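Naming: A, B, ... by sequence-line order, numbering from 1 per chain. Note that these values count all heavy atoms, side chains included, but never hydrogens, waters or copies made by symmetry. These numbers were taken from a predicted model, which means no experiment stands behind them.
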Protein chains: 2
Amino acid sequence: MLKMATQADAAAQPRAPLSRERVLSTAVALADEGGVDALSMRKIAQALGVVPMALYKHVANKNELLDGMIDVLVGEIDPPAGDADWKTVIRRRVLSARRMLLRHPWASEVIESRTKARATPTPAVMEYLDSMIGIFRAGGFSVDLVHHAMHVMGSRLLGFSQELFEDASGREPDPDALPPEEMAARYPHITELAMAVAHDEESVVGSGCDDQFEFEFALDLTLDGLERLLGTT
Amino acid sequence: MLKMATQADAAAQPRAPLSRERVLSTAVALADEGGVDALSMRKIAQALGVVPMALYKHVANKNELLDGMIDVLVGEIDPPAGDADWKTVIRRRVLSARRMLLRHPWASEVIESRTKARATPTPAVMEYLDSMIGIFRAGGFSVDLVHHAMHVMGSRLLGFSQELFEDASGREPDPDALPPEEMAARYPHITELAMAVAHDEESVVGSGCDDQFEFEFALDLTLDGLERLLGTT
DNA sequence: GACCATAGGTGTACGCCGTACACCCGTCAA
DNA sequence: TTGACGGGTGTACGGCGTACACCTATGGTC
C-alpha cells in the first residue's frame, strides 16, 4: 500500500516516460555544458534519473547515440529560405549552420569523427547536403560545377584551425605559456599579426579579432569565386 | 648468475632504451594502423615491451602524448621551398600538408580536438602557421590581408566534410544501407551528382571522384581570389 | 477474466581505460 | 662508500561501455 503510494508519487512527479528524443536532447545539453569528452552513458542516465542500462532500450550504443546527437544539431540549421538568388540562399544557410556550430562547440569534432567511422553520413546530414546541392542546381550550376562547389565549400585548405587568437582572455593564466618577448622571437609573423589585430580592435571586448566578420569575408570571397566560374561557363 | 645472463641478453637484444621520441613514433604507428580510438597507453607500452606506467616517465599524460604526436606529424610537412612566388610556395606547402593528413587519417580529428582544449596550439603548429604567414608577407600581403587570408584558408564553410562518396567500395557491404531507389527518392540531388561523377570516371578505379583534383581545384580557386584581392589594394 | 507476449526499466558483472603512488635498481658525483 | 636520482615496475582505484539475466506493467487474444 504504502509502497504503491510512493511508487505512484514517483511515477506521477519526476518520471517522464523516457524516449529516444529525451535521451538525445539531454545528451546534447550535457555536452553543451561539459564538453563531449565528459559525456558518458552513466551521466546521461543520472541526469534522467534512470539506471545506465535503461538508455540502451532507446539507443543501440554510444556511437549510435552520437549519430543521433548529430542529427539533432543538423535539425537546428534553418531550412533554405524563400526565393532569393542562390548566392544569398547559400549564404544564409551557411551562416545558420555556423551559428549552430558556435552554439555547440563540440559539434564539429564529433561530426568529423563519426562521419569518418560510418559508411555514409547520418540521414540528416545527407539531407542537408542534398538540399545544399539543390540550391546550387536551381541557381544554374551544372552538375560538374556544383560538384566542384561542394568540394570548395567543404575543404579546409590549411589543415589547422585558424582559431589562433581565440579568447586569449577568459582562460586561467596558463602556467607554461611563453613570455611575450619569447613569443615575438619565435613566432615573429604571428606576433606582428596579433599585435596589429589587437590594436585595430582595441575597442572591442573579448577575442582579438572579429571572427564573424572574418568568416563572412571568407565566405564571400569563395562565393564570388564560384559566381565568376558560373559566369564563364 | 643465470639470472644475470638472461637479463643481459634481454637488455642487449630487444630493449632499446626508450625515449620520448620512441614513445611518440610508436604511438603514431599504432594510430596509423588502428585509428586513434583504439590507441591506449597500455597498447603503446606493450608495443614497446614495457609496462604501461613506464611511459609516464617520458610523457606527462595521454593528452600531452597526443600533443606530441601532433608535433611529429607537423614535422612531416615539407618546409617552405625555394624562391618561387608566394602562390606556388603556398600551394606546395598546402599540398604537402594534405599528403601528411592523408597518410594519417586520424590526424585532423586529434588536431581539432587538442587545439580546442589548449590555450594555444602546440609549438610545431605555431611554427607552421608562422611560416605560412611569413610567406604571404614576403609575397606583398599587408598585415590585414594576410589575416584575412589565414581565415579563408583555415575555414571550412560547410560544417561537414565533403567526403561523401569516399570509397563506396572497400568497405564491407553495410547492412542498413538504403537500397538505391530509396537513395534516389530521398536524396535526388546527391544521387544525380553521384551518378554523373561515377560515369565521368568510370575508367578510374576506387573512389568515385578524384579527390586530389577537387582539392587542388578548391585551392586554386581560393588562391586566385586572394591574388585578385592583392592586386586591387 | 485468464493468459501470455512484449516493451521498458533494473542489477550485476566483466574487461578495458588512464593514472596515482610506492617501490626498486643501476649509474654516477662527491 | 654513499647517497641522490633517472627510469622501469607493480599494485590498485575509480570510471567507462555494455552483455546478460531479470523483473514488471501493459495490452491484445481467447
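From one end of the helix from C:dG1-D:dC30 to C:dA30-D:dT1 to the other, with five pairs defining each end axis, the axis direction shifts by 10° (rounded to 10°).
When distances are taken from the side chain of A:N61 to each of C:dT10, C:dT19, D:dT18, the shortest belongs to D:dT18. Between C:dT10, D:dC16, C:dT19, one nucleotide has an atom nearer to the side chain of B:Y56 than all others, and that is C:dT19. Which of D:dC16, D:dG7, C:dA20 sits closest to the side chain of A:K43 comes down to D:dC16. The nucleotide whose nearest atom lies closest to any side-chain atom of B:L18 is, among D:dG8, D:dT9, D:dC16, D:dG8.
Put simply, the side chain of B:K57 and the base of D:dG6 share no donor and acceptor less than 3.5 Å apart. A donor-acceptor contact under 3.5 Å is formed by the side chain of A:R42 with the base of D:dG17.
Across the protein-nucleic acid pair, B:L55 atom CG and D:dG10 atom C1' stand 15 Å apart, rounded to whole Å. In this entry the distance linking CZ of B:R20 with P of D:dG6 reads 17 Å, nearest Å. Rounding to whole angstrom units, CD of residue B:E64 and P of C:dT19 are separated by 11 Å. One atom, CE of A:M53, and another, P of C:dG9, lie 13 Å apart when rounded to the nearest Å. In this structure, the CG atom of B:D37 is 17 Å from the P atom of D:dC16, given to the nearest Å.
No side-chain donor-acceptor contact under 3.5 Å links B:K43 to the backbone of B:L30. The main-chain N or O of A:P188 is never found under 3.5 Å from a side-chain atom of A:E192 such that the two would form a donor-acceptor pair.
Between B:E216 and the choices B:R98, B:R91, B:R92, the salt bridge (charged side-chain N to carboxylate O under 4.0 Å, His left out) rule is met once, by B:R91.
Here A:R186 does not pair with A:E181 in a salt bridge; the nearest charged N to carboxylate O distance is not below 4.0 Å.
Classification of the A:H148-B:F213 ring pair by plane angle, with boundaries at 30° and 60°, yields tilted.
Counting non-hydrogen atoms under 4.0 angstrom, A:K62 reaches the backbone sugars and phosphates but no base.
In this structure, B:H58 does not reach the D:dG6 phosphate: none of its side-chain N or O atoms is under 4.0 Å from OP1 or OP2.
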